[in-house]
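When a ligand or atom number is given, it counts from 1 through the structure's own listing order. All residue numbers refer to positions in the sequence shown, counting from 1.
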Amino acid sequence: MGRPPRAVTRLSGAISVAAVAAVLALDAVARAASWPVLVQGLLDEPAHLLTAWVCLTALGAPLVPGRRERWVLAAAVLIDLDHLPLYLHHEGWAVDGGRPPTHSLALALLLLLVASMPRWGTAPAALAVGVLLHLLRDLATGPGVPLFWPLGGLVGVPYPAYVAVLVLAAAAAVVRHSGLLSRAPDTAT
Ligand SMILES: [Zn+2]
């Protein structure tokens, strides 16, 4: 398959900037009122998806996600299914009253361990990346995450730090997909 046209790759950078703006807008709406859990989820999950997509684009992923990228994006959203026991009143599943233990590096390491075994293909490693990109946002929202579970409690970072990472990722996506990093044609004779 050939390289996509320059206009398409440039679109990746522009959409990354729009995605960061969308995340900020979603978070502003989320903070504007005390929403029911369902509405909070409907605001939070698209922001997770966009966060992961912007980071992947910064790393050079194509505008339309390939198979590996789709695994990453799926994990970046579906990991929140681990909250279901909490909604069924299994409060002990939360670490320090916050998020579940599966919101930790332990899950990413477990997936990487599976990825290192023969015959598993690239999916477990892609899922691990998705989990890490999910944690990137959760670190800065709500009570933080039990990042080092079972060795520690909740860890959080200020929201502006997350925004700074997103802005840097969008800037990297713009530069990477602008063609500025590609080698000029060799005109030497
Ligand atoms: Zn989460």
Evaluate side chain to side chain contact (heavy atoms under 4.5 Å, CB included) for Val39 paired with Leu43, printing each intermediate quantity in order.
CA-CA 6 Å; Val39 177; Leu43 292 167; 4.1 Å; yes

Between Thr141 and Tyr162, a side-chain donor and acceptor under 3.5 Å
no

Mind checking the OG1-CG spacing from Thr102 to Leu110? Nearest 0.5 Å is all I need.
11.0 Å

Under 3.5 Å: donor-acceptor pair, side chain of Arg68, backbone of Thr122
no

Kindly assign one of parallel, tilted or perpendicular to the pair His103 and His83, based on the angle between their ring planes and the thresholds 30° and 60°.
perpendicular

Under 2.8 Å from the Zn ion (ligand 1), which protein N, O or S atoms do you find? Ignore water molecules.
Asp80 OD1, His103 NE2, His134 NE2, Asp138 OD2

Does Asp82 pair with Arg99 as a salt bridge, N-O distance under 4.0 Å?
no

